[in-house]
Amino acid sequence: MNHTKGGLVIFTANSQPSGRELSKRIAERLGVELGKVQVYQEANRETRVQIQESVRGKDVFVIQTVSKDVNTTIMEMLIMVYACRTSCARSITGVLPYFPYSKQCKMRKRGSIVSKLIASMMCKAGLTHLITMDLHQKEIQGFFNIPVDNLRASPFLLQYIQEEIPDYRNAVIVAKSPASAKRAQSFAERLRLGIAVIHGEAQDAESDQVDGRHSPPTVKTTGAIHPSMEIPLLIPKEKPPITVVGDVGGRIAIIVDDIIDDVDSFVAAAETLKERGAYKIYVMATHGILSSDAPRFIEESAIDEVVVTNTIPHELQKLQCPKIKTADISMILSEAIRRIHNGESMSYLFRNIGVDD
């Protein structure tokens with residue numbers, strides 16, 4: 001049954017068959033067929049897009065899931081959007097469940113804010129609206145000069161906890177670092193559970209210690225600065241011993257985060273929780289990138305189950321590691337598409353979501 005008005009076209013910009021599964025689920029829920037388009041790589045690795053139906057005066061939604069070749073993914077999206085723009089589409093909405101380069105959203109030492117560059121490219125290509133999910137930093141929305149709907153996957157992960165984890169009332173929500181404590185607090189308050197925070201693990205590459213404030217070198221020079229105006233040096237950070245703030249003994253530990261890619265920190269957190277007495281350990285994340293040997297590390301670790309959504313295709317990783325489970329979020333994406341196309345309010349999809357969520 002078609003739940004939308006006429007003039008809606010849904011394209012998938014992904015040339016990989018595994019990346020089209022989410023697009024098919026969304027189209028089925030909306031009761032429409034995917035638009036006819038060819039996206040492929042030529043022999044010289046150039047991306048070519050051929051739209052095979054009219055989009056003049058129509059609302060076009062371009063769904064793109066991120067594959068292992070993230071740069072090709074971006075080019076497929078940009079070329080598809082530009083092709084629709086030059087074919088006189090009325091509006092072009094990008095559906096990008098995982099926003100690529102979202103971790104590079106802060107200035108680093110002699111670096112750049114890459115996610116700002118990606119946002120500018122998408123707007124320049126002709127995007128008029130963006131639907132995404134759980135941006136790594138909500139401030140990324142400010143990089144766009146078009147409307148951005150940053151949907152949340154937490155309702156589906158919370159539902160999974162309540163329906164699939166036996167005795168979840170005996171669980172404690174764990175933040176594997178103080179940086180993710182706010183997300184853990186949100187989960188804990190909704191489930192009426194306790195919270196624990198692991199403090200003292202090695203800081204990752206996106207910590208603020210390499211944001212450029214250590215350059216130029218902090219060597220004192222004579223005569224360059226007046227003695228009365230000498231700038232005091234900041235005391236360097238030292239990693240404290242690993243501690244768990246909160247009681248996890250005899251409890252189920254549920255680690256929550258937005259992205260799980262390099263699993264070393266999750267594996268180390270699971271070992272720490274086991275040592276503190278947790279008898280079962282789950283990991284919940286929105287985006288399961290799971291690159292390189294992540295499935296093997298998870299299989300060999302103390303983690304009992306990893307639950308991610310299908311914002312990123314991970315069927316191959318599931319074959320390598322039975323511990324990986326999937327929560328389907330196609331329902332909220334299809335409802336967002338339907339509401340935007342029909343001119344309805346989006347507030348229903350953000351009910352009970354606070355500023356800090």
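All values reported here derive from a predicted model rather than from experimental measurement.
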Please test S154 against F187 for side chain to side chain contact (heavy atoms under 4.5 Å, CB included), starting from the C-alpha separation and ending with a verdict. CA-CA 8 Å; S154 52; F187 273 69; 4.0 Å; yes
ILVMFWY network linking [X] to [Y], side-chain heavy atoms under 4.5 angstrom:
X: I252; Y: V172; answer: no
X: V49; Y: Y40; answer: no
X: F144; Y: Y82; answer: no
X: V32; Y: L34; answer: yes
X: I79; Y: V9; answer: yes

Using atom types as modelled and distance alone, determine if a side-chain donor or acceptor of [X] lies under 3.5 Å from a backbone N or O of [Y].
X: N150; Y: D134; result: yes
X: S87; Y: C84; result: no
X: T73; Y: S67; result: yes

To the closest 0.5 Å, what do you measure between [atom1] ([X]) and [atom2] ([Y])?
X: E299; Y: C321; atom1: CD; atom2: SG; answer: 4.5 Å
X: M133; Y: L96; atom1: CE; atom2: CG; answer: 11.5 Å
X: M346; Y: L151; atom1: CE; atom2: CG; answer: 5.5 Å
X: I254; Y: L157; atom1: CD1; atom2: CG; answer: 10.5 Å
X: M80; Y: I51; atom1: CE; atom2: CD1; answer: 6.0 Å
X: R152; Y: L135; atom1: CZ; atom2: CG; answer: 8.0 Å

Does the side chain of [X] come under 3.5 Å of the side chain of [Y] through a donor N or O and an acceptor N or O?
X: Y279; Y: D304; answer: no
X: T128; Y: S91; answer: no
X: S330; Y: D328; answer: yes
X: T326; Y: K318; answer: yes
X: S186; Y: R190; answer: yes
X: E76; Y: S15; answer: yes
X: T47; Y: Q41; answer: yes
X: H287; Y: D261; answer: no

Any idea which heavy atoms bring [X] and [Y] closest together, and the distance?
X: D258; Y: H136; value: OD2-ND1, 2.8 Å
X: A181; Y: V197; value: CB-CG2, 4.3 Å
X: A89; Y: V60; value: CB-CG2, 3.7 Å
X: F297; Y: V267; value: O-CG2, 4.1 Å
X: G200; Y: I242; value: O-CG1, 3.7 Å
X: A278; Y: A253; value: CB-CB, 4.0 Å

For the CG atom on N352, are there more than 12 heavy atoms of other groups (residues, nucleotides or ligands in this structure) within a distance under 6.0 Å? no
Taking CZ in R296 as the centre, count heavy atoms belonging to other residues, nucleotides or ligands within less than 6.0 Å. Is the count above 12? yes
Might you work through the ring-ring contact (aromatic ring centres under 6.0 Å, His included) test for Y168 and Y282, ending with a clear yes or no? CA-CA 11 Å; Y168 80 92; Y282 291 81; over 10 Å; no
Using a strict cut-off of less than 4.0 Å between a Lys/Arg side-chain nitrogen and an Asp/Glu carboxylate oxygen, indicate whether [X] and [Y] qualify as a salt bridge.
X: E305; Y: K323; result: no
X: E28; Y: K24; result: no
X: R29; Y: E335; result: no
X: E271; Y: K274; result: no

Flag the pair [X] / [Y] as yes when at least one side-chain heavy-atom distance between them is below 4.5 Å, and no otherwise.
X: D257; Y: F266; value: yes
X: R110; Y: R108; value: no
X: F61; Y: H341; value: yes
X: S102; Y: I140; value: yes
X: T132; Y: Y98; value: no
X: M77; Y: I63; value: no
X: E344; Y: R338; value: yes
X: F350; Y: D149; value: yes

Which residues satisfy the side-chain hydrogen bond (donor to acceptor under 3.5 Å, both in side chains) test with S347, sequence neighbours excluded? S345
Across all chains, not counting sequence neighbours, the side-chain hydrogen bond (donor to acceptor under 3.5 Å, both in side chains) partners of R85 are none
Would M284 and I165 count as a side chain to side chain contact (heavy atoms under 4.5 Å, CB included) if you check the C-alpha gap in whole Å, the side-chain angles of each, and the deciding distance to 0.1 Å? CA-CA 12 Å; M284 299 275 169; I165 299 181; 3.9 Å; yes
Show your reasoning for whether side chain to side chain contact (heavy atoms under 4.5 Å, CB included) applies to V256 and V174. CA-CA 7 Å; V256 296; V174 179; over 6 Å; no
Give the intermediate values and the outcome of side chain to side chain contact (heavy atoms under 4.5 Å, CB included) for residues V308 and H314. CA-CA 9 Å; V308 294; H314 54 270; 3.7 Å; yes
